A.B. asks: 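Starting off with a structure, shown below.
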There are 2 protein chains.
Amino acid sequence: MKITSSLEYGMRLMAAIAKEDGDAPLSAEKLSREENIPLDYTNQILWKLKSAGVISSRRGSGGGYSLARPPHEITMDRVVIALEGSIFEDVCSKYADAPRECHHQSGCSLSPLWRRLGTLLAEFFSSTTLEDLIRREPATARVEFIPPGRPLPMR
Amino acid sequence: MKITSSLEYGMRLMAAIAKEDGDAPLSAEKLSREENIPLDYTNQILWKLKSAGVISSRRGSGGGYSLARPPHEITMDRVVIALEGSIFEDVCSKYADAPRECHHQSGCSLSPLWRRLGTLLAEFFSSTTLEDLIRREPATARVEFIPPGRPLPMR
DNA sequence: CCTAAACTTGACTAAAACACTCAGGTATCG
DNA sequence: CGATACCTGAGTGTTTTAGTCAAGTTTAGG
């Protein structure tokens, strides 16, 4: 699994804006320079973040971008969805093309796996806030594993 | 985040071979037909799984593929690594290109996030076995979230 | 032995996704 | 009113994905 550049950049931009919180808005040009991201690409990513309502903007001279809400109210799943459309693409519907019996029906071995992974990722990103990200000793959601004890009920 | 077709197919093939465990080996042609995967692509994927030592093969007429070990000893991370090379690509080294200060050094906000996500995914796949997958009431690793309590130490 | 079944291996290719770039437009401040 | 800075859609080169193709080698069974 990979992280796309736009997601990496988007998160860096969010962190940079959050660190400036309260002061004057940050221009795309300054963000681009500081984060070492091509200007046009920066603009595109900022526009997506704005469309998703996670940052706000002010036009004209002296304008720029600032957070739409305080850092602890912004969860990272919003950022992921803003830039990629979803946290985890639905695998089952994508490969449900078999002629007589669908490979992801009730008897399917894989759908529970993908469903769990989707839930896991969704919880990971939704339980991490922007405030967690910009903390000096950063904290993201902590996750504990319970090994799959033999008869383990599905959620 | 997405699941590639080769990973989806690879897992389906593993599950199909596991269900046949003990009987005669399954030929690529039969697997291809049953799982509705193009034959040449099936061959390619089976070859990768074999190279990774997760299945074994017998050549010649009557040959085919079977598991290299019992289902409960095969963890899914082996399958992912066999087909994609790694569980989670290292983001930090990929984007460490800044001129004066690296964006993923000690002061970086993002590296803990990606490190945690990498750990999370690795634990998810390594704690799910092929046996979990082919169970009628399937069980993958259960994951519990502990919301990021305010001063939360990094692992 | 010899032929058909079946795996082995590498090279090739079309299509999609990704990572940008470009070109204009619109609003706001001083 | 003009410079600053956001707004928006369209275009493009590169890489990855998802397969295809072709020419092997090995083995079982008649």
Side-chain angles (χ1 to χ4, degrees), chain A residues 1-13 17 20 24-66 68 80 82-86 89 91 94-95 97, chain B residues 1-13 17 20 24-66 68 80 82-86 89 91 94-95 97:
Chain A
M1 299 192 129
K2 296 173 184 175
I3 297 300
T4 60
S5 70
S6 67
L7 183 55
E8 158 79 11
Y9 292 162
M11 294 220 175
R12 287 220 300 247
L13 292 171
I17 295 168
E20 202 75 8
L26 273 165
S27 73
E29 196 278 330
K30 194 174 181 189
L31 283 166
S32 162
R33 201 157 14 83
E34 283 178 356
E35 294 298 327
N36 205 41
I37 303 168
L39 177 58
D40 285 323
Y41 202 22
T42 304
N43 275 318
Q44 192 180 89
I45 292 165
L46 288 169
W47 177 77
K48 285 183 183 171
L49 292 170
K50 199 214 148 147
S51 300
V54 82
I55 56 176
S56 59
S57 61
R58 225 173 61 200
R59 294 172 102 153
S61 129
Y65 296 91
S66 46
V80 179
L83 297 170
E84 316 225 296
S86 70
E89 193 188 30
V91 190
K94 190 174 177 184
Y95 294 104
D97 52 2
Chain B
M1 297 192 130
K2 297 172 182 174
I3 297 301
T4 60
S5 71
S6 67
L7 183 56
E8 158 80 11
Y9 292 162
M11 293 217 175
R12 287 219 301 247
L13 292 170
I17 295 167
E20 202 75 10
L26 273 165
S27 72
E29 196 278 330
K30 194 174 182 193
L31 283 166
S32 162
R33 200 157 16 81
E34 283 179 356
E35 294 299 325
N36 204 42
I37 303 168
L39 177 58
D40 286 322
Y41 202 23
T42 304
N43 275 318
Q44 194 181 85
I45 292 166
L46 288 169
W47 178 78
K48 284 183 182 172
L49 291 171
K50 201 217 145 142
S51 301
V54 82
I55 56 176
S56 59
S57 61
R58 225 174 61 202
R59 295 171 101 155
S61 125
Y65 296 91
S66 46
V80 179
L83 298 171
E84 316 225 296
S86 71
E89 193 189 31
V91 190
K94 190 175 180 185
Y95 294 103
D97 53 1

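These figures come from a predicted structure and were not determined experimentally. Proteins get letters first, then strands, A, B, ... in listed order; numbering begins at 1 in each.
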A.B. asks: Any side-chain heavy atom of B:Arg33 sitting closer than 4.5 Å to one from B:Leu39?
C.D. replies: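 They are not in contact (no side-chain heavy atoms under 4.5 Å apart), so the answer is no.
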A.B. asks: Is any side-chain heavy atom of A:Ile3 closer than 4.5 Å to a side-chain heavy atom of B:Met1?
C.D. replies: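 In contact.
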A.B. asks: Please walk me through it: do A:Leu31 and A:Ile37 pass side-chain contact (heavy atoms from CB on, under 4.5 Å)?
C.D. replies: CA-CA 8 Å; A:Leu31 283 166; A:Ile37 303 168; over 6 Å; no
A.B. asks: Grab the CG-P distance between B:Asn36 and D:dA18 for me, whole Å please.
C.D. replies: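 Going from CG in B:Asn36 over to P in D:dA18 covers 16 Å.
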A.B. asks: So do B:Asp40 and B:Pro38 actually touch side chain to side chain, heavy atoms under 4.5 Å?
C.D. replies: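 They are not in contact (no side-chain heavy atoms under 4.5 Å apart), so the answer is no.
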A.B. asks: In whole Å, what is the span from the CD1 atom of B:Ile3 to the P atom of D:dT16?
C.D. replies: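 Distance check: B:Ile3 CD1 to D:dT16 P gives 18 Å.
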A.B. asks: When rounded to the nearest 0.5 angstrom, what is the spacing between CD in A:Glu84 and CG in A:Leu7?
C.D. replies: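 So the CD of A:Glu84 and the CG of A:Leu7 are separated by 5.0 Å.
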A.B. asks: Could you state the atom-to-atom distance from CD of A:Glu29 to P of D:dC7 in whole Å?
C.D. replies: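 Roughly 16 Å, once rounded to whole Å.
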A.B. asks: In residues 42-53 of chain A, which ones come under 4.0 Å of DNA chain C, going by heavy atoms?
C.D. replies: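 By residue number: A:Gln44.
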A.B. asks: Does B:Ser27 place a side-chain N or O at less than 4.0 Å from the phosphate oxygens OP1/OP2 of C:dA5?
C.D. replies: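 B:Ser27 to C:dA5 OP1/OP2: no side-chain N or O under 4.0 Å.
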A.B. asks: With a 4.0 Å cutoff (strictly under), does any side-chain N or O of B:Tyr41 reach OP1 or OP2 of C:dT13?
C.D. replies: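 Result: no.
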A.B. asks: Using atom CZ of B:Arg33 as one end and atom P of C:dA6 as the other, report the distance to the nearest whole Å.
C.D. replies: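 One finds 10 Å between P of C:dA6 and CZ of B:Arg33, rounded.
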A.B. asks: Please set out all donor-acceptor pairs under 3.5 angstrom arising from side-chain atoms of residues 48-62 of chain B, sequence neighbours excluded.
C.D. replies:
residue, atom, partner, partner atom, Å
B:Lys50, NZ, B:Ser57, OG, 3.0
B:Ser51, OG, B:Trp47, O, 2.9
B:Arg58, NH2, B:Gly62, O, 3.4

A.B. asks: Within the 4.0 Å heavy-atom criterion, would you say B:Lys30 contacts the bases, only the backbone, or no part of the nucleic acid?
C.D. replies: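 Nothing, no heavy atom under 4.0 Å.
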A.B. asks: Would you please test B:Ser32 and B:Tyr41 for side-chain contact (heavy atoms from CB on, under 4.5 Å) and show each step?
C.D. replies: CA-CA 9 Å; B:Ser32 162; B:Tyr41 202 23; over 6 Å; no
A.B. asks: Between CD of B:Glu29 and CD of B:Glu34, what distance do you get to the nearest 0.5 Å?
C.D. replies: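 Atom-to-atom, B:Glu29:CD and B:Glu34:CD are 9.5 Å apart.
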A.B. asks: Is the distance from OP1 or OP2 of D:dG19 to the nearest side-chain N or O of B:Tyr9 less than 4.0 Å?
C.D. replies: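 It does, given that an N or O in the side chain of B:Tyr9 lies less than 4.0 Å from OP1 or OP2 of D:dG19.
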A.B. asks: Separation of A:Tyr65 atom OH from C:dA27 atom P, in whole Å?
C.D. replies: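 Checked: the OH to P distance equals 15 Å.
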A.B. asks: With nearest nucleotides of DNA chain D determined for A:Ala28 and A:Lys2 from heavy-atom distances, which residue corresponds to the more 5′ nucleotide?
C.D. replies: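 Counting from the 5' end, the first nearest nucleotide belongs to A:Ala28.
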A.B. asks: Would you classify A:Leu39 as touching base, sugar-phosphate or nothing, given that sugar-phosphate means primed atoms plus P, OP1 and OP2, and contacts are heavy atoms under 4.0 Å?
C.D. replies: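 Nothing, no heavy atom under 4.0 Å.
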A.B. asks: Can you measure B:Asp40 atom CG to C:dA14 atom C1' for me and round it to whole angstrom units?
C.D. replies: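 Rounded to the whole Å, the gap is 15 Å.
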A.B. asks: Calculate, to the nearest 0.5 Å, the distance between atoms CZ and CD1 belonging to B:Arg12 and B:Ile17 respectively.
C.D. replies: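 Interatomic distance, B:Arg12 CZ to B:Ile17 CD1, rounded to 0.5 Å: 13.0 Å.
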A.B. asks: Could you list by number each residue of residues 54-64 of chain A showing a heavy-atom separation from DNA chain C of less than 4.0 Å, or answer none if no residue does?
C.D. replies: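 Listed by number, they are A:Arg59, A:Gly60, A:Ser61.
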A.B. asks: Look at the side chain of B:Thr4 and decide which nucleotide, out of D:dC6, D:dT17, C:dT8, has an atom nearest to it.
C.D. replies: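 The nucleotide sitting nearest to the side chain is D:dT17.
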